[in-house]
Novice: 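Mind having a look at this structure? Questions to follow.
Quick caveat, the model's predicted, so the values are computed rather than measured.
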Amino acid sequence: MRSTLLLILLSFAIQIAAQIHVLPDLEVTGESQVKIYLYKKALPYTHDSLPGDSISAFLPTSLPSPQVGEITLLKNPVRHYFHAEAKSRMALDAEYRYIGINAQIRSLGAGMSLSSPKGNLISNHFQARGNFLTLSGEDIATFLKYYNSDGKNLNSEYGSAELYAYKDQYKAFGYDVDRVSTGFTVYGIKQNNMSQGLDTWGMDLNHQSTFRFPDVDWGNRILLSTDNSVWQSYIETPVNFLEKASLHIMFDGENFLPVPGFVWRYITDIDQQFSVSNNPIFVRNTYDSLLEKYRWVGLKSKGNKLKHTLIPINISFRLEDFQPTTQESFLRTFMLENRTQLAVQELNPVTSINPELPGIAATDVFSNNSTISASFGQGTIVFDQTLSLNLAYLSDQNWIRAPYQPLLAAESQITYESYPYGGELGLNQYLFTVDHMQRDLPEVVDLSLEGRYDFGRYDQIYLRLENILGASIRPYRTLPNQGFSITAGIYHRF
């Protein structure tokens, strides 16, 4: 009898131990290129959970394949994606994508962005894209772009064709080569900005890869361009007191910069860490990115070249605290960071030959930014708050203030989610901003409200009220004010 009772208790204990246990959400991030993520997981693993699993790619390939009868949600897969939104300030954006055509053709899509905030200003952006997978495992992305802008004595046309290839890892001479990406772009631009003209075409070849040797990584990023070429190379290795230490060489034809890089990290708790790092990088500047930011802008006169930005000093002191969302914890995340940067040849708006439109010039910018952000809440309501103090100066122009960068910013947002309803209330304040002539710009108090409704799993409509208080928000003093507007949009998947 005693043996039978023990056998029953043992069986019951085994059943309890075999139940699924759900772990709390934990996230640990920092400046390391390899970030640590601990995610909530259901154990044991089932193939039914795979489609919605954000880390499914890291599961062992030795796991048994599911039987055909187990897959019930993929009989009628959703392959079409459509998003459109219209603004009361005469703007229309739309995108369509066809997904999962076959194993090699991942998706095809097209989009447009039309804007006419004033009668004499018209800007049309069109784009087509495709995503493919080669038989050898490379991810391929293609883009075709055409941008046209008219108004205020400006006519601008831009067109480009872009091809990008990426693969996680190759083998070369017995060593691993990781994060291999290569991009090729052909572009042409023609502008008439009053008496100033620009009519040119060019090519860019952008390559990035990292060779993994024993105890040492060798990374390269090369940008060969008809405008301005850049080369960055580094060697990186772990040392006793640092997570990583590296030496970077940066060269753009004018500046030769040898700079150290490093990452030091102290794990204070399972959900908290403090890190200090310097991560030198360079930023590729393109004509299309400038046209997307300003739309109406005089880019360059004949003989000028588009500069790329080197950031040799990129030092961060960062404290992160990620609390599991439980009944005992109302704080979700907390981050405190101070970042010091030196950006060589950063592109900023300046006065052009056209008094109504900005021009673009490369200047050196030294900045020190202190940011504190926190997220609070549980369940249906979350509150996010960010405060930022940004001291930015043009170091090559007698240390005057960097234009259009607020000294103080406060951003607040309350998010409500209770299916099928959702919404956001935001209040952003930007203080002590100057324009390109060092004149003070008015304080910005931007109040916005959004509501949305989900139809089933795939469709959503939303309505957003932006800049309800009618603050003066401009990317450049003489460009149109982004005043109060009403935006209506729809997501449709079928």
Side-chain angles (χ1 to χ4, degrees), residues 33-34 106-107 109 111 125 127-134 136-147 158-170 172 175-189 198 200-212 217-236 246-259 261 279-293 299-300 304-312 314 341 343-347 360 362:
Q33 293 180 351
V34 180
R106 295 293 187 87
S107 68
H125 291 185
Q127 183 179 134
R129 61 182 297 172
N131 294 90
F132 310 90
L133 181 67
T134 66
S136 55
E138 289 88 0
D139 290 301
I140 305 294
T142 60
F143 297 89
L144 296 174
K145 298 179 180 179
Y146 174 76
Y147 296 169
Y158 171 85
S160 68
E162 304 174 26
L163 174 67
Y164 299 93
Y166 175 82
K167 191 172 183 180
D168 287 329
Q169 190 176 83
Y170 287 97
Y175 298 103
D176 292 335
V177 186
D178 293 350
R179 300 193 300 273
V180 182
S181 63
T182 303
F184 180 71
T185 303
V186 179
Y187 63 87
I189 183 167
L198 172 66
T200 186
W201 71 278
M203 296 183 294
D204 286 352
L205 178 64
N206 187 11
H207 174 79
Q208 183 172 349
S209 60
T210 304
F211 286 81
R212 305 291 189 189
D217 293 343
W218 176 38
N220 288 279
R221 185 179 176 191
I222 303 170
L223 173 59
L224 301 177
S225 172
T226 51
D227 273 326
N228 180 224
S229 298
V230 183
W231 169 58
Q232 179 182 1
S233 183
Y234 68 88
I235 55 172
E236 183 177 72
S246 57
L247 177 62
H248 296 249
I249 302 296
M250 310 177 78
F251 180 64
D252 65 355
E254 298 180 9
N255 302 282
F256 179 81
L257 304 173
V259 239
N279 181 30
I281 59 174
F282 78 80
V283 178
R284 175 179 173 238
N285 297 315
T286 60
Y287 289 113
D288 56 321
S289 63
L290 292 171
L291 290 168
E292 290 166 4
K293 182 176 182 179
L299 290 173
K300 290 291 175 182
N304 287 337
K305 300 294 185 180
L306 187 64
K307 301 289 187 178
H308 303 287
T309 304
L310 306 181
I311 307 180
N314 189 21
Q341 281 191 343
V344 180
Q345 300 180 152
E346 180 178 281
L347 300 187
I360 296 296

Novice: Determine, using ring centers only, whether Y147 and H125 are less than 6.0 Å apart.
Specialist: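 Yes - the distance between ring centres of H125 and Y147 falls below the 6.0 Å cut-off.
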Novice: Measuring only between side-chain heavy atoms, which start at C-beta, is L205 closer than 4.5 Å to L223?
Specialist: no
Novice: Measuring from I189:CD1 to L198:CG, what's the distance to the nearest 0.5 Å?
Specialist: 5.5 Å
Novice: Do we see a donor-acceptor contact under 3.5 Å between the side chains of Y164 and E138?
Specialist: no
Novice: Do the non-hydrogen side-chain atoms of D288 and E162 ever get within less than 4.5 Å of each other?
Specialist: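 Contact flag for D288/E162 side chains = yes.
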Novice: Which heavy atom in A141 sits nearest to a heavy atom in F143, and how many Å separate them?
Specialist: CB-CE1, 4.1 Å
Novice: Do L290 and N285 have side chains that approach each other closer than 4.5 Å (heavy atoms only, starting at C-beta)?
Specialist: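 A side-chain contact under 4.5 Å is absent here.
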Novice: Compute whether any side-chain donor of one residue and acceptor of the other, for D178 and T210, lie under 3.5 angstrom apart.
Specialist: no
Novice: State, yes or no, whether a side-chain contact exists between L306 and N228 at a heavy-atom distance under 4.5 Å.
Specialist: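 Side chain of L306 against side chain of N228, heavy atoms only: no contact under 4.5 Å found.
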Novice: Taking G261's backbone N and O only, do any of them form a donor-acceptor pair with S246's side chain (distance below 3.5 Å, no angle check)?
Specialist: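 Here the side-chain-to-backbone pair exists.
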Novice: Do R179's NZ or CZ and the ring of Y166 fall within the cation-pi criteria of under 6.0 Å and 45°?
Specialist: no
Novice: I need the L224 CG to D204 CG distance, nearest 0.5 Å.
Specialist: 9.0 Å
Novice: Do V180 and Q208 come within less than 4.5 Å of each other through their side chains, counting heavy atoms only?
Specialist: no
Novice: Is there a side-chain contact between L163 and I140 in this structure, where contact means two heavy atoms from C-beta onward sitting under 4.5 Å apart?
Specialist: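 Yes; the side chains approach each other to less than 4.5 Å.
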Novice: Hydrogens and angles aside, do D227 and S225 bring a side-chain donor and acceptor to less than 3.5 Å of each other?
Specialist: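 No pair is found: no donor N or O on one side chain lies under 3.5 Å from an acceptor on the other.
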Novice: Any side-chain heavy atom of T309 within less than 4.5 Å of one from R284?
Specialist: no
Novice: Suppose we call two aromatic rings close when their centres sit under 6.0 Å apart. Are Y158 and Y146 close by that rule?
Specialist: no
Novice: Is I249 close to W231 at the side-chain level, that is, under 4.5 Å between some pair of heavy atoms?
Specialist: yes
Novice: Restricting to non-hydrogen atoms, name the atom on G202 and the atom on T226 that form the minimum distance, rounded to 0.1 Å.
Specialist: CA-OG1, 3.2 Å
Novice: Between the main-chain N or O of N279 and the side-chain N or O of N314, is there a donor-acceptor pair closer than 3.5 Å?
Specialist: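 Yes, because the side chain of N314 sits within donor-acceptor range (under 3.5 Å) of the backbone of N279.
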Novice: Going by distance alone, is a donor N or O of one side chain under 3.5 Å from an acceptor N or O of the other, for W218 and S233?
Specialist: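 Side-chain D/A pair, W218 to S233: present.
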Novice: Side chains of Q232 and Y234: do they bring a donor and an acceptor to under 3.5 Å?
Specialist: no
Novice: Under a 4.0 Å N-O cut-off, is there an ion pair linking K307 with E346?
Specialist: no
